[in-house]
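We name chains A, B, ... by the order of the sequence lines, and we start the count at 1 in each one.
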Number of protein chains: 2
Amino acid sequence: MRGESSGSMHRGGGVSEATVRRLSNYFRILEEMEREGVETIASETLAERYGITSAQVRKDFSSFGSFGRRGLGYPVRGLRERIGKILGIDQPWRLVLVGAGNLGHALFHYEEFRRRNFSIAAIFDSNPELIGKHWEGVPILPMAQMGRLVSERDARIGIIAVPAAAGQAVADQLVAAGVEGILNFSPIKLREVENVFVRNVNLSIALESLSYSVTAHRKLRPL
Amino acid sequence: MRGESSGSMHRGGGVSEATVRRLSNYFRILEEMEREGVETIASETLAERYGITSAQVRKDFSSFGSFGRRGLGYPVRGLRERIGKILGIDQPWRLVLVGAGNLGHALFHYEEFRRRNFSIAAIFDSNPELIGKHWEGVPILPMAQMGRLVSERDARIGIIAVPAAAGQAVADQLVAAGVEGILNFSPIKLREVENVFVRNVNLSIALESLSYSVTAHRKLRPL
DNA sequence: AGATGTGAAAGTTTTCACAGCC
DNA sequence: GGCTGTGAAAACTTTCACATCT
């Protein structure tokens, strides 16, 4: 599977992972501005709100074409829609969730996913005690049904929320079932597979990065 | 607060966020090798296991000094201990968790945190119905007790697992209570504060990065 | 005048390649 | 011989600065 980096070219220029992450953030800021009733925005204003430079904002947009009007700025709504289209969040996505433990439960109920048009079509778990239950009407199914369900419901992304030991096997099953992307919460490095994108979210590594910074900072300024 | 980047210099050379993330991964690989009984490892082997170049591995280590022996490689155990010390995970950390919803619940029970010496000393929530309950003996307390508890229990990191609307207020309270680091799961940009490090984990942005890649890939190779 | 879009410059990170030590 | 540690080169990302368009 393709690793942490984007892995895909687009038009003329390659688009970095960092650019895509910023697009998501621009999208959120633009939504907010739309609610505030703002109709036009300059790269400078957007940049200030985000805490980056206006050149960065313009360069990010320029990888995808020309959105603004010189002398005026960008139309808030049009820009938001365009970014949504680029990110692919202008359409609903059906996902499957593997792992009905504590983390899976939290992800299933995560409001931000719903707001962004991501809906979970089925949940899979290997624990027989959970199978047959429903969360808000969505069934918890045995792993063996993954292949059927992914194609029937046209789910294109799978979320892995199982312990490390089961992670690779689950990834293999998701790939066999035909997903095109995997959001992996299990703390392991998955084998790469052609045409399947992977993003890893490692909660513990984020915390270790903090403990590093706090520790290093303390060493510089003791007590 | 310091943003997504490290924000702190260390010794002679600045150490990038990316290097610190890789250190966490090296640590995990080394733990695994220790369990396998391997005593010495070459940068090349470590690199292969991680899927990066051996030069990257050696450069990462060289920011912190000289760990290996030319012609031989690195002692697995010694290297793992040294990295643990750099990351600050050689000692236990006490955290406070704010937000006893679904996400907070999942984080509280997250095994990987415990395995890495991160323990949650108290939970805070604004919902009166939750206050007074316990999770595995850890009390859910009203927000007003945050200051007292953080200093009493010497908690140095706070986790924010509340909805966006409450995020900034919670961050302010954590800073006032005296934490040195914040792991922020709420999908907002927190105001920066001197000497407080912040790491943001935005679950939805990770998913949007996937939907971008899958969408872009489809456009290149339709159907 | 005002703000975009973009080549060129500056800065950062990764890879190369090899001197130096075991 | 084997493998580290590290300057130098290459690749990539961000910022500058200005020509260009409304």
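Note on B:Arg49 versus B:Glu36: salt bridge recorded, some NZ/NE/NH1/NH2 to OD/OE distance being below 4.0 Å. A salt bridge links B:Glu112 with B:Arg115: at least one charged nitrogen is closer than 4.0 Å to a carboxylate oxygen. Ion pairing of B:Glu81 with B:Lys85 is absent here, as no side-chain N (NZ or NE/NH1/NH2) approaches a carboxylate O to less than 4.0 Å. The pair B:Glu208-A:Arg21 does not count as a salt bridge, with every side-chain nitrogen at least 4.0 angstrom from each carboxylate oxygen.
Taking atom CZ of residue B:Phe61 and atom P of nucleotide D:dT4, one finds them 10 Å apart after rounding to whole Å. Put simply, CZ on B:Arg58 is 16 Å from P on C:dG20, counting in whole angstrom units. At whole-Å resolution of the value, CD1 in B:Ile52 and P in C:dT14 are 9 Å apart. Atom CZ in B:Phe67 sits about 8 Å away from atom P in D:dG5, given to the nearest Å. Note: CG (A:Asp60) to P (D:dT15) measures 10 Å, nearest angstrom. Here D:dT13 presents its P atom at 17 Å from CD of B:Glu17, a figure rounded to the nearest Å. Taking atom NZ of residue A:Lys59 and atom P of nucleotide D:dA17, one finds them 14 Å apart after rounding to whole Å. As a whole-Å value, the separation of B:Arg21 CZ from C:dT14 C1' is 13 Å.
Comparing atom distances between the A:Gln56 side chain and each of D:dT15, C:dT4, C:dA17 picks out D:dT15 as nearest. Comparing C:dG5, D:dG5, C:dC16 by their nearest atom to the side chain of A:Ser66 picks out C:dG5. The side chain of B:Ala55 has C:dA17 as its nearest neighbour among D:dG7, D:dT13, C:dA17.
Within 4.0 Å of A:Ser54, counting heavy atoms only, lies no atom of the nucleic acid at all.
Judged by atom type and distance alone, A:Arg70 does not reach the base of C:dG2 through any side-chain donor-acceptor pair under 3.5 Å. Side-chain atoms of B:Arg69 and base atoms of D:dT4 include no donor and acceptor less than 3.5 Å apart.
Take the nearest nucleotide of DNA chain C for B:Thr19 and for B:Gly71: the residue whose nucleotide is more 5' is B:Thr19. Each of A:Leu72 and A:Thr53 has a nearest nucleotide on DNA chain D; the 5'-most of these lies closest to A:Thr53. In this structure, A:Arg22 and B:Ala42 both approach DNA chain D, and ranking their closest nucleotides by distance from the 5' end singles out B:Ala42.
For A:Tyr74, a side-chain nitrogen or oxygen approaches OP1 or OP2 of C:dG5 to under 4.0 Å.
Aromatic ring centres of B:Phe113 and B:Phe108 lie farther apart than the 6.0 Å criterion allows.
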